[in-house]
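Right, one structure below, let's go through it.
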Amino acid sequence: MPLDALAVGNDAIADVLDEIGDLIELKGENVFRAVTYRAAARSIRDLREPLTKLVAEKRLREIPRVGPAVAEAIEQLVTTGTSKRYAELQAAVPPGLLTLLRVPGVGPATARIIYDNLKITTIEELEEAARDHRLQQLPKIQAKTEENILRSIAALKQRTGRSLLHEARAAADEMVAYLRERTGLERIAIAGSLRRYRETIGDVDLVVASDAAAPIMAAFVAAPTVERILAQGDTKSSVVVGRGLQIDLRVVSPSAYGAALLYFTGSKEHNVRLRGIALRRKLLLNEYGLYRVGAEARGQEIASATEEDVYAALEMDWIPPELREDRGEIDAAREHRLPTLVRVSDIRGDLHTHTNWTDGRDPLVDMARRAKAKGYAYLAVTDHSPGLGMTNGLSPERIAARMTEAAKLNAELAPFRILVGTEVDIRANGKLDYPDEILARFDIVSASVHSSFAQTREQMTARVTGAMRHPLVTAVSHPTGRLLEKREPHAIDLDALIAAATQTGTWIEVNGGPERLDLPDTWIRKAIDHGATLVLNSDAHAIEELEWMDLAAGTARRGWASVTPIANARGLDAMLASRKKRP
DNA sequence: GCCGTTTTCGGCCCGACTGTTTTCAGTCG
């Protein structure tokens, strides 16, 4: 696809490099070349500067995994929208082969066989050929493979994308509870991206420690939520449950539990780095343990029972799962300089919640009691302003009634404290949806965008940073406006927001709503680096959604956040005192 | 195609499961 040469972002370039990797593999070139392009793509996604800047300053080679060839491709992509290498590959690889790769179970070899014989280039044609049993007439493909391809296509159509964190968590918890009840398993853990609090989840990984795998496997594939069994082996099985979500289960002996947990928690990139480090010490790291090379066959492991043992044997501190992305955590662990990450138990209160007075479900009294029961010292209720027609935003009269209600509840719940705040809409023209005299009555003012998402990057940036410069605005909420798997982030200059946050003392929210998780983790890290203050919020619209603070905290940990930059990890007085100066 | 506490050349993480195999290739995570 041709790129708009004027508007290419880092992610778009990274996508092309990934595609170049796929094309190289399809063409049958050295696979390590493909691996290199994909590694470079990943480095670019982690980059905290625009590629356009690096190109202009001739600094592309500073990026890890970017050498002469990849740098040339990037420079051409940034300046012209395509590259010589990319164009050559596109010409050499029949269009459509890439499409076939999207079908699980179909890799480069199978795609090539199918294309060479049947000239199939779309999923629809592939499905038709499978239905007509034309695939099983091809070499290396028989009835079983054809059947699996059909099933994969059906799953592909049913599947809308990756699962949101809370959905995957619910499915995992249900399976864990079922397995605990049905079998006498000793230990079971959720591993994978769910344990790492990734913002969306591809599939769920479960690790079980037990010397008797067979009955656990049997129970797993027979679970009531299972819709389809993908694989069933002695120690490893995969199933699909509702909404196309895949769950993998691995059973290992209790002595290998730590190594297995480490292995299945990932990320893949983190594991690859660890194994490389092990190899340089003539050690082999796999899911069963850490061995001297050659000793693994005799089962003489150096470490395997706990994750701590394995990390320690590699001379590093235990690394929290949220950091395991090969983004510097391994070096930090070797040098004993990993941060102490923020936990939900550090959070003293929630500063972004809604009630049934606008678009929430539950009354203030229930929200407050639940927050108090969670151990919070305070809760800000931040119902909407009137500009959002559908949410029944609060009029001045209803704000007064809310203040009275809160005062009464505060007397009852003391020392717990309800703060009356607002989530005030930032209108398309940048004006706030309440006049200053009303804003001044609130304890907390969080400003956010809910309309005119299609504005230009410049307009949107000015709109939000303008609100941040308003003296009565405490925080800015969900600054990118993204809805995971649903709506892309709007165009906005997050660097400018971080700069405005640092200059004005306005807080930036980390929203725990599972479809927002906004600010994204890489920008959290950047905001912290620049000295911005963050606030972790649930954006709860019902009492049980107050638990979404867990997702905000997990996302903040992925951004390497300790308690220091978090406003609501402070007690009530310290939190209020750290708001920017109000007139 | 990249990279160096083993290296400027020769590696590049490792193993389970499936299907079509009679010893292994392909795919996945």
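All values reported here derive from a predicted model rather than from experimental measurement. Just so we're on the same page: letters track the sequence lines, and every chain starts at 1.
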Without decimals, in angstroms, what is the distance between [X] [atom1] and [N] [atom2]?
X: A:Leu230; N: B:dT18; atom1: CG; atom2: P; value: 10 Å
X: A:Arg280; N: B:dG11; atom1: CZ; atom2: P; value: 16 Å
X: A:Ile277; N: B:dC14; atom1: CD1; atom2: P; value: 13 Å
X: A:Asn30; N: B:dG10; atom1: CG; atom2: C1'; value: 12 Å
X: A:Lys268; N: B:dC14; atom1: NZ; atom2: P; value: 13 Å
X: A:Phe220; N: B:dC17; atom1: CZ; atom2: P; value: 13 Å
X: A:Ile113; N: B:dG26; atom1: CD1; atom2: P; value: 8 Å
X: A:Leu274; N: B:dG15; atom1: CG; atom2: P; value: 15 Å

Quick check on [N]: is either OP1 or OP2 less than 4.0 Å from any side-chain nitrogen or oxygen of [X]?
X: A:Tyr288; N: B:dG15; answer: no
X: A:Thr235; N: B:dC17; answer: yes
X: A:Asn148; N: B:dG19; answer: yes

Testing the 3.5 Å rule here: is there a donor-acceptor pair between the side chains of [X] and [Y]?
X: A:Ser255; Y: A:Ser253; answer: yes
X: A:Gln246; Y: A:Asp248; answer: yes
X: A:Asp518; Y: A:Thr480; answer: yes

Reckon [X] touches a base, only the sugar-phosphate, or nothing at all at heavy-atom distances under 4.0 Å?
X: A:Ile24; value: nothing
X: A:Arg85; value: sugar-phosphate
X: A:Thr110; value: sugar-phosphate

Using side chain to side chain donor-acceptor pair (under 3.5 Å) as the criterion, point out the one residue from A:Arg558, A:Arg198, A:Lys268 that pairs with A:Glu325.
-> A:Arg558
For nucleotides [N] and [M], find the distance between their [atom1] atoms and express it as a whole number of Å.
N: B:dC14; M: B:dT20; atom1: C1'; result: 24 Å
N: B:dC12; M: B:dT6; atom1: P; result: 14 Å
N: B:dC3; M: B:dT8; atom1: C1'; result: 9 Å
N: B:dG15; M: B:dC9; atom1: P; result: 30 Å
N: B:dG1; M: B:dT5; atom1: C1'; result: 23 Å
N: B:dA16; M: B:dG11; atom1: P; result: 24 Å
N: B:dT22; M: B:dG29; atom1: C1'; result: 28 Å

Looking only at the side chain of [X] (C-beta and beyond, no hydrogens), which of the listed nucleotides [options] gets closest?
X: A:Gln246; options: B:dT18, B:dG29, B:dT21; result: B:dG29
X: A:Thr145; options: B:dC2, B:dC14, B:dG19; result: B:dG19
X: A:Arg250; options: B:dG1, B:dC14, B:dA16; result: B:dA16
X: A:Arg65; options: B:dC12, B:dC3, B:dT20; result: B:dC3
X: A:Ala231; options: B:dT18, B:dG1, B:dG29; result: B:dT18
X: A:Arg33; options: B:dG29, B:dG1, B:dC12; result: B:dG1
X: A:Ala109; options: B:dG29, B:dG1, B:dT27; result: B:dT27
X: A:Asp248; options: B:dG29, B:dG26, B:dG15; result: B:dG29
X: A:Lys236; options: B:dA16, B:dC2, B:dG29; result: B:dA16
X: A:Leu284; options: B:dG15, B:dG29, B:dG1; result: B:dG15

Which sits closer to the 5' end of DNA chain B, A:Val70 or A:Leu283, going by the nucleotide each is nearest to?
->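 Closer to the 5' end of DNA chain B: A:Val70.
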Base paired to B:dC28 (Watson-Crick or G-U; both N/O distances under 3.5 angstrom) |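 Partner of B:dC28: B:dG15.
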Test item: A:Asn286 side-chain N/O and A:Tyr288 main-chain N/O as donor-acceptor pair under 3.5 Å | yes
Exceeds 12 heavy-atom contacts within 6.0 angstrom, atom NZ of A:Lys58 = no
For atom CD of A:Glu57, is the number of surrounding heavy atoms from other residues, nucleotides or ligands below 6.0 Å larger than 12?
->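 Yes.
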